[in-house]
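Notes follow once the structure below has been shown.
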Amino acid sequence: MILEGAPGKSFVCMKCRLIELMEEKIRGLEMQVESLVEFRKGFEQIMEQRHEVSEGKSSDLQMEAGLGNSEGRLGEESGQWKHVTKRTRQRKRRASEGEIELQNRFAELENEEGAQQVVTEGDRARKKRRAVSPIGKGEELMEITPNMSPRRIQDGLKRIIRENGNGKNLQPEGTGDRLENSTVTRKRQVYVIGDSLLRRIDRPVTRADPENRRVCCLPGAKIRDVDLRLKRILKGAGKNPLIILHVGTNDTARFSLESIKGDYARLGRTLKEIEAQVIFSGILPVPREGQQRCDKIMTINRWLRQWCYKEGFGMYGHWEAFMDRGQFSRDGLHLSREGNRLLGWRLAQLIKRALN
C-alpha cells in the first residue's frame with residue numbers, strides 16, 4: 001500500500017526492488033515458454049503433413065505394383081483372376097548337384113612341400129628367442145627374453161649345469177665373469193624433506209622423474225623432528241642421494257637462536273653419517289608476524305649460509321623471491337597456490353642444477 005502511493009515509484013526498500021525484478025524475470029520466462037510451445041506445435045504440424053504425404057506416396061506405389069502383378073496374372077491365367085495368399089508362393093528350386101562346383105581349398109596342404117612352407121609367426125618368434133646351449137644337439141634349451149636380467153640368466157645357466165652334470169663347456173669363455181661383473185645402473189634418488197610449507201609442490205618437483213624423486217611433508221615439524229625421522233625416511237635411498245631440507249620456520253616461533261643453531265648442528269652430524277649430497281633451503285618470511293620475527297629469521301639464514309659452507313653442505317635462499325604478500329595464504333604463514341607453484345619451480349630448478 002505504501003509503495004502504490006509513492007510518487008514515481010521511488011522505492012526505499014531494497015527487498016521490494018528485488019521482488020519487482022524477480023517478477024519481471026518471471027514474466028520474461030513465461031513469454032519464452034509460450035513461444036517455445038507455439039514453435040513446438042508448428043513443428044508437430046509440419047511433421048504430420050510430411051508423414052501424410054509420405055504415406056500417400058507409399059500407398060500409390062503399392063497400388064501401381066498391385067496393378068502390374070494383376071496384369072501379369074491375367075496374361076498367365078488367360079484372363080481369369082486368381083486369389084494369391086502367402087502359402088501359395090512358389091518355392092525356390094534347389095540347384096542340382098551338377099551345377100555346384102566342388103573343390104578342395106586345402107589341396108595344396110596335402111603336399112609335403114606346401115606343409116613345410118606354412119610357418120606361424122609364433123614359431124618364428126620362438127626360434128629367434130631360443131638360445132641353443134653349446135653342449136650339442138639334443139641338449140636342453142634355455143629361452144631368453146629381452147626383459148630377463150643378467151642375474152636371472154646366470155641362475156638359469158647354473159641350473160642347466162647342475163642338471164646336465166657337465167658345465168665345463170656349457171658357457172662360452174668369459175660369459176660367467178661378464179654376467180657377474182655387470183650391474184644395473186640406478187639413478188640417484190632425490191628427497192625433499194621439510195615442514196608444511198612443502199604442501200602441493202610434489203607435482204613440479206617430481207614431474208621430471210617420478211620414480212626417483214620423493215617429497216616428504218611433515219606438518220608442524222621442527223628441526224629435531226626431522227633429525228629423528230631422517231634415517232627412516234631415507235631407508236633404501238641408495239648411494240649418494242640428493243637431500244633438500246626445508247625446515248626451521250616452526251623453530252623460530254618457539255626457540256632461541258642458540259637452541260636453533262644446536263639443532264642444526266645435530267642434524268648436520270646425522271647427515272654426515274648418511275653420506276649424501278645435502279642442500280638446505282632457506283627459511284621463508286612470515287608476513288603475519290612483526291619485524292622482530294623477520295629479523296630473527298634473517299639472522300638465522302645468514303648463520304645457516306656460513307655454517308653450510310663450513311660443514312660442506314649447500315644453501316639455497318628464497319627471501320627476495322617471497323616478499324609479495326599475495327604468495328602467502330590468509331593465515332600469513334603457509335603459502336598460497338601461487339606461492340606453492342613458485343617454491344616448487346625453484347626447488348625443481350635447484351635439483352636440475354645439482355644433478356647435472
Rounded distance [0.5 Å steps], [atom1] in [X] versus [atom2] in [Y]:
X	Y	atom1	atom2	answer
K222	I260	NZ	CD1	11.5 Å
D295	I300	CG	CD1	11.5 Å
C216	I244	SG	CD1	13.5 Å
M31	S35	CE	OG	8.0 Å
L230	L267	CG	CG	6.5 Å
L335	N340	CG	CG	5.0 Å

Does [X] reach the main-chain N or O of [Y] with its side chain, forming a donor-acceptor pair under 3.5 Å?
X	Y	answer
S259	F255	no
K296	L257	no
N356	K352	yes
R188	N240	yes
N250	A221	yes

At their closest point, which heavy atom of [X] faces which heavy atom of [Y], and how far apart are they?
X	Y	answer
S336	G326	OG-O, 3.0 Å
C308	G314	SG-O, 3.8 Å
L271	F313	CB-CZ, 4.3 Å
V247	Y264	O-OH, 2.8 Å
A237	Q189	O-CG, 2.8 Å
A253	R293	CB-NH2, 3.6 Å

Can you tell if the side chain of [X] reaches within under 4.5 Å of the side chain of [Y], non-hydrogen atoms only?
X	Y	answer
T206	V192	no
L342	F322	yes
R266	T270	no
W303	T299	no
L284	I297	no
Q349	R346	no
M315	L304	yes
I243	I279	no

Would a single hydrophobic cluster contain both [Y] and [X], if residues Ile, Leu, Val, Met, Phe, Trp and Tyr are joined by side-chain heavy-atom contacts under 4.5 Å?
X	Y	result
L218	I283	yes
L347	I193	no
L355	V215	yes
V205	L197	yes
I233	L228	no

Quiz item: Does CD in E275 sit with more than 12 non-hydrogen atoms of other residues, nucleotides or ligands closer than 6.0 Å?
Solution: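 No, not enclosed.
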Quiz prompt | Neighbour count above 12 (heavy atom, 6.0 Å) for R353 CZ | solution = yes
Exercise. Carefully, step by step, assess K272 and E311 under the rule salt bridge (Lys or Arg N to Asp or Glu O under 4.0 Å).
Key: CA-CA 9 Å; K272 287 184 177 180; E311 298 294 332; 2.4 Å; yes
Exercise. Go through the steps to decide whether N212 and V190 satisfy the test side-chain contact (heavy atoms from CB on, under 4.5 Å), and finish with yes or no.
Key: CA-CA 6 Å; N212 299 301; V190 180; 6.0 Å; no
Exercise. Please lay out, stage by stage, how N301 and W319 fare under the test side-chain contact (heavy atoms from CB on, under 4.5 Å).
Key: CA-CA 9 Å; N301 284 335; W319 189 268; 3.8 Å; yes
Quiz item: Can you list every pair that meets ring pair (Phe, Tyr, Trp, His ring centres under 6.0 Å) and has a residue in residues 31-59, with sequence neighbours left out?
Solution: none
Practice problem: Have a look at V226 and tell me which of D263, D195, L245 forms a side chain to side chain contact (heavy atoms under 4.5 Å, CB included) with it. | Solution: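 The side chain to side chain contact (heavy atoms under 4.5 Å, CB included) with V226 is passed solely by L245 among D263, D195, L245.
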Self-check item: Full working for side-chain contact (heavy atoms from CB on, under 4.5 Å) between L198 and H246
Solution: CA-CA 8 Å; L198 299 182; H246 185 90; 4.1 Å; yes
Quiz item: Do R305's NZ or CZ and the ring of Y316 fall within the cation-pi criteria of under 6.0 Å and 45°?
Solution: no
Exercise. Might you work through the salt bridge (Lys or Arg N to Asp or Glu O under 4.0 Å) test for K187 and E211, ending with a clear yes or no?
Key: CA-CA 9 Å; K187 292 184 179 181; E211 296 180 358; over 6 Å; no
Exercise. Check the pair E30, R27 against salt bridge (Lys or Arg N to Asp or Glu O under 4.0 Å), reporting the backbone distance first and the verdict last.
Key: CA-CA 5 Å; E30 289 177 350; R27 285 194 293 269; over 6 Å; no
Exercise. Report the C-alpha distance between M22 and L18 in whole Å, list the side-chain angles of each, state the deciding distance to 0.1 Å, and finish with yes or no for side-chain contact (heavy atoms from CB on, under 4.5 Å).
Key: CA-CA 6 Å; M22 189 180 296; L18 294 175; over 6 Å; no
Quiz prompt | Residue pair E44, R40: steps toward the salt bridge (Lys or Arg N to Asp or Glu O under 4.0 Å) verdict | solution = CA-CA 6 Å; E44 290 178 352; R40 184 175 180 180; 3.5 Å; yes
Self-check item: By ring-ring contact (aromatic ring centres under 6.0 Å, His included) - contacts of H334 (at least two apart)
Solution: none
